[in-house]
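What follows is one structure encoded as structure tokens, with my remarks underneath.
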Number of protein chains: 2
Amino acid sequence: MRLSRYFLPILRETPKEAEIVSHRLMLRAGMIRQQSAGLYSWLPLGLRVLNKINRIVREEQDRSGAVEILMPTIQSADLWRESGRYDAYGKEMLRIKDRHDREMLYGPTNEEMVTDIFRSYVRSYKDLPLNLYHIQWKFRDEVRPRFGLMRGREFLMKDAYSFDLDQAGARHSYNKMFVAYLRTFARLGLKAIPMRADTGPIGGDLSHEFIILASTGESEVFCHKDYLDFDIPAADTDFDSREGLQEIIDRWTSLYAATSEMHDAAAFAAVAPEQQVSARGIEVGHIFYFGTKYSEPMGATVTGPDGVDRPVHMGSYGIGPSRLAAAIIEASHDENGIVWPEAVAPFDVAVLNLKAGDSGTDAACERIYHELTAAGRDVLYDDRDDRPGAKFATADLIGIPWQLVVGPKSLAEGKVELKRRAGGERETLSIEDAIQRLGS
Amino acid sequence: MRLSRYFLPILRETPKEAEIVSHRLMLRAGMIRQQSAGLYSWLPLGLRVLNKINRIVREEQDRSGAVEILMPTIQSADLWRESGRYDAYGKEMLRIKDRHDREMLYGPTNEEMVTDIFRSYVRSYKDLPLNLYHIQWKFRDEVRPRFGLMRGREFLMKDAYSFDLDQAGARHSYNKMFVAYLRTFARLGLKAIPMRADTGPIGGDLSHEFIILASTGESEVFCHKDYLDFDIPAADTDFDSREGLQEIIDRWTSLYAATSEMHDAAAFAAVAPEQQVSARGIEVGHIFYFGTKYSEPMGATVTGPDGVDRPVHMGSYGIGPSRLAAAIIEASHDENGIVWPEAVAPFDVAVLNLKAGDSGTDAACERIYHELTAAGRDVLYDDRDDRPGAKFATADLIGIPWQLVVGPKSLAEGKVELKRRAGGERETLSIEDAIQRLGS
């Protein structure tokens with residue numbers, strides 16, 4: 001992408017309304033724009049990050065055997081009356097009346113609707129296990145939206161719903177999502193620790209939150225230090241093996257880890273002091289097993305091998321990709337701006353033309369731009385007529401992992417400069433070597 | 001994808017509520033499910049088609065130079081008061097009050113919001129031309145939703161918005177979208193004819209609808225027969241050439257073509273009788289130039305080269321991917337079900353195992369499934385224990401372009417049968433040849 005033809009509205013000044021670093025940096029880097037309280041537009045740079053996060057989330061859901069669907073944002077209130085949640089859910093639910101005065105709502109979550117889909121089609125245990133997920137906009141009418149995308153009102157959520165014949169099957173489905181989440185967060189460049197959690201309004205009796213440690217985190221968390229170095233389950237993990245998955249989960253739940261709500265000071269004191277981590281944390285995922293809480297009142301039953309009908313055992317599993325975009329910045333930035341992990345960076349390489357209009361510099365940049373693009377890299381080519389200092393500052397602010405600096409001085413010697421955003425290391429090398437290095 | 005692990009709820013009976021063939025077939029093929037009047041869930045097969053349509057739409061928008069963003073579904077009423085449309089828009093607008101009693105709405109279109117984004121950042125003619133698009137859910141509270149996705153309430157729309165300094169620039173932007181639309185519909189397997197159209201509530205004085213001919217179309221249209229054989233602009237069309245694009249548009253608007261609203265019987269009578277086409281049509285895209293209708297009241301101005309501020313000239317350009325999924329079926333089906341064009345088919349190949357459980361048949365199917373998948377094809381492997389007749393019927397109903405039939409009898413001679421869904425041609429060939437043919 002040529003910057004001269006892109007839409008990257010960088011802000012020079014730090015927006016006053018932004019209280020946390022991710023919100024400040026997303027506004028300054030032209031990633032998002034607030035439209036109303038808690039409602040954001042995704043500008044081109046932000047949308048690229050969101051799409052890269054979605055792709056990783058989707059790949060890991062698919063790998064675990066979940067099947068993607070897409071439910072509408074607007075739901076009928078009647079469905080929520082069946083589960084009893086229409087009256088129970090508070091003011092966070094955005095309630096709507098249509099032109100015929102029918103009561104509708106903007107879905108804050110989809111347990112009811114997916115249970116309705118399930119009961120419409122599935123009758124037999126032979127069609128189980130089943131896990132349906134979607135990535136769709138949700139709305140929660142927060143009384144005081146704040147912290148940018150961390151607590152917005154309209155937000156993107158991946159929510160998966162598993163259906164099993166019995167509790168043992170449901171536990172296996174839960175474990176699949178547990179492993180999928182470990183892999184998802186690791187691929188996003190995050191160290192996420194699963195912590196036993198409260199189930200809240202979703203209900204049920206088994207739940208884990210996945211928490212990343214960040215000094216700006218919203219709540220206090222406590223865990224064993226060893227979690228930070230645990231191995232992530234491999235891509236070829238056998239999701240069909242109940243024993244294999246249970247072993248992974250046993251290991252990942254063997255040491256102390258708790259949010260402040262579930263914290264047990266006495267148990268934590270039993271951890272050796274040098275292995276105690278007490279820090280701020282950000283929730284990036286939440287998984288629940290809640291048995292027949294929805295299937296019973298809503299009549300979602302299947303016939304078992306014994307010919308007897310029984311309500312299915314369900315779980316639900318959430319990740320917020322829009323929130324993750326902010327959480328990744330909270331975990332990865334410095335005083336000059338964002339430092340994107342390569343997997344979610346909006347572009348892989350920024351090519352900085354230090355003398356746009358100079359024929360030699362232009363030609364070298366064009367060559368690099370075309371060859372790296374042809375090699376499948378996402379390249380942002382800063383071809384604007386602007387000061388070098390402004391180009392360096394923009395490239396640092398928006399956090400592209402590799403910057404390739406092309407100026408007439410080093411070009412006279414056939415060289416360009418490569419800078420790594422994360423560590424700041426610089427290296428001078430030939431154009432061929434630079435293309436070779438970044439294109440492969 | 002193994003069908004035994006997929007979610008493909010085929011309906012045996014034709015749903016009574018479906019009045020048109022696309023609606024019937026989408027329900028029967030397990031592509032969609034109605035949740036409430038005009039609100040649909042996309043089941044896995046349907047979502048695959050929708051995503052393939054979106055990808056083609058996106059590629060052609062990007063090719064023309066448009067830049068993707070993503071605006072929220074919920075908007076503030078205040079923005080629509082600025083343009084004067086809040087009161088003017090009828091009951092189709094879903095109006096909402098949030099917990100603080102602020103007036104909001106579910107966006108039926110985004111002229112106001114994108115103009116607000118533009119005026120927040122862009123000040124100079126040097127940043128033009130600019131075309132921002134997004135693919136986002138919209139809501140129009142139809143008094144009587146019907147025809148499935150053809151006239152739903154919540155629907156997906158790609159809407160693009162162009163910004164130019166003057167009318168000549170805006171005309172160029174309009175022409176870019178015109179060409180992008182011709183290419184988009186052709187890639188989707190559709191013959192779409194641009195017809196001069198009424199501008200309706202969007203406003204402005206230049207507008208074209210893109211119409212496909214289908215006997216089940218919603219309105220009557222009239223055009224010159226030659227349009228059906230016009231060449232589609234090539235992928236390497238130079239979108240920066242004003243003259244080049246204008247030539248294409250001149251050609252594509254040189255012959256008679258009009259919707260019933262714009263029909264001029266006298267002008268149509270001047271077309272030679274054997275070249276007159278009068279048929280039913282389905283609108284699949286609509287483009288508008290409306291000048292300063294929104295930029296003036298909303299204060300979206302830029303400074304020109306002469307230092308004078310003036311309101312930008314705008315256009316907007318819509319395609320409905322969810323509606324397109326239905327329109328493609330209206331244009332491409334037979335008595336056995338859907339006949340997907342290859343570009344949007346949910347899977348490229350269906351592998352039908354006629355004797356699941358038989359070790360030889362299973363092994364041959366597994367080999368084909370793995371090799372075609374490794375070659376990058378989307379393969380649906382029907383590995384269920386079911387009657388051959390049911391498998392044939394399902395494959396025909398869901399319209400996969402190629403069916404590879406693997407049974408013990410032909411396997412004994414090292415052969416499989418390949419059937420093309422569109423023409424019904426059958427061919428017996430070796431496994432190697434089948435993999436070679438379908439994998440390349």
- Item | Leu94(B) versus chain A, the contacting section by heavy-atom distance below 4.5 Å | side chain

- Message: So for Ile74(A), is it side chain, backbone, both, or neither that comes closer than 4.5 Å to the heavy atoms of chain B?
- Response: both

- Does any heavy atom of chain A fall under 4.5 Å from the side chain of Arg102(B), the backbone, both, or neither of them? side chain

- Query: What part of Arg153(A) gets closer than 4.5 Å to chain B, counting heavy atoms only: side chain, backbone, both or neither?
  - Reply: side chain

- Sorted by chain and residue number, the salt bridge (Lys or Arg N to Asp or Glu O under 4.0 Å) partners of Glu82(B) (sequence neighbours excluded) come out as Arg119(B)

- For atom CD of Glu13(B), decide whether the heavy atoms of other residues, nucleotides or ligands shown that lie under 6.0 angstrom number more than 12. no

- Query: By a 4.5 Å heavy-atom criterion (distance strictly below it), what part of Leu47(A) contacts chain B: side chain, backbone, both, or neither?
  - Reply: side chain

- Query: What residue in Ile96(A), Asp62(A), Leu50(A), Leu11(A) has the most heavy-atom pairs under 4.5 Å with chain B?
  - Reply: Ile96(A)

- Query: Is there a side-chain contact between Trp42(A) and His134(B), using heavy atoms and a 4.5 Å cut-off?
  - Reply: no

- Pro9(B), Pro72(B), Ser36(B), Pro44(B): which one forms the most heavy-atom pairs within less than 4.5 Å of chain A? Pro72(B)

- Message: Counting heavy-atom pairs under 4.5 Å with chain B, which one of Asp78(A), Asp116(A), Leu39(A) comes out on top?
- Response: Asp116(A)

- Item | Close side-chain approach of Met113(A) to Ser41(B), heavy-atom, < 4.5 Å | yes

- Message: What part of Glu142(B) gets within 4.5 angstrom of chain A, counting heavy atoms only: side chain, backbone, both, or neither?
- Response: backbone

- Are any of the side-chain nitrogens in Lys91(A) or Asp98(B) under 4.0 Å away from the carboxylate oxygens of its partner? no

- Do you know which of Val67(A), Asp141(A), Leu79(A), Leu132(A) has the most heavy-atom pairs under 4.5 Å to chain B? Asp141(A)

- Item | Part of Met1(B) lying under 4.5 Å from any heavy atom of chain A | neither

- Query: Arg28(B): what forms a salt bridge (Lys or Arg N to Asp or Glu O under 4.0 Å) with it, not counting sequence neighbours?
  - Reply: none

- Message: What part of Ile32(A) gets within 4.5 angstrom of chain B, counting heavy atoms only: side chain, backbone, both, or neither?
- Response: backbone

- Query: Taking the six-membered ring for Trp, are Tyr121(A) and Phe7(B) parallel (under 30°), tilted (30 to 60°) or perpendicular (over 60°)?
  - Reply: perpendicular

- Message: Which atoms of Leu43(B) are under 4.5 Å from chain A, going by heavy atoms: the side chain, the backbone, both sets, or neither?
- Response: both

- Message: Quiz question: by atom type and distance under 3.5 Å, do the side chains of Glu154(A) and Thr73(B) form a donor-acceptor pair?
- Response: yes

- Task: Sort Val143(B) into side chain, backbone, both or neither according to what part of it lies under 4.5 angstrom from a heavy atom of chain A.
- Result: both

- Query: So which of Ser120(B), Gly30(B), Gly65(B) has the biggest tally of heavy-atom pairs under 4.5 Å with chain A?
  - Reply: Ser120(B)

- Most chain A-contacting option - heavy-atom pairs closer than 4.5 Å, from Arg48(B), Gln136(B), Glu92(B): Gln136(B)

- Message: Is Leu70(B) close to chain A through its backbone or its side chain, or both, or neither, when contacts mean heavy atoms under 4.5 Å?
- Response: both

- Roughly how far apart are Met104(A) CE and Tyr106(B) OH, rounded to 0.5 Å? 11.0 Å

- Contacting moiety of Ser76(B), where chain A heavy atoms sit under 4.5 Å: both

- Tell me, for Glu68(B) versus chain A, whether the close heavy atoms (under 4.5 Å) come from the side chain, the backbone, both or neither. both

- Message: So, taking the atom named NE2 in His100(A) and the one named CZ in Arg144(B), what distance separates them when rounded to the nearest 0.5 Å?
- Response: 10.5 Å

- Is a salt bridge present between Asp240(A) and Arg5(B), judged by a nitrogen-to-oxygen distance below 4.0 Å? yes

- Message: At a 4.5 Å cut-off on heavy atoms, which part of Lys126(B) comes close to chain A: side chain, backbone, both, or neither?
- Response: neither

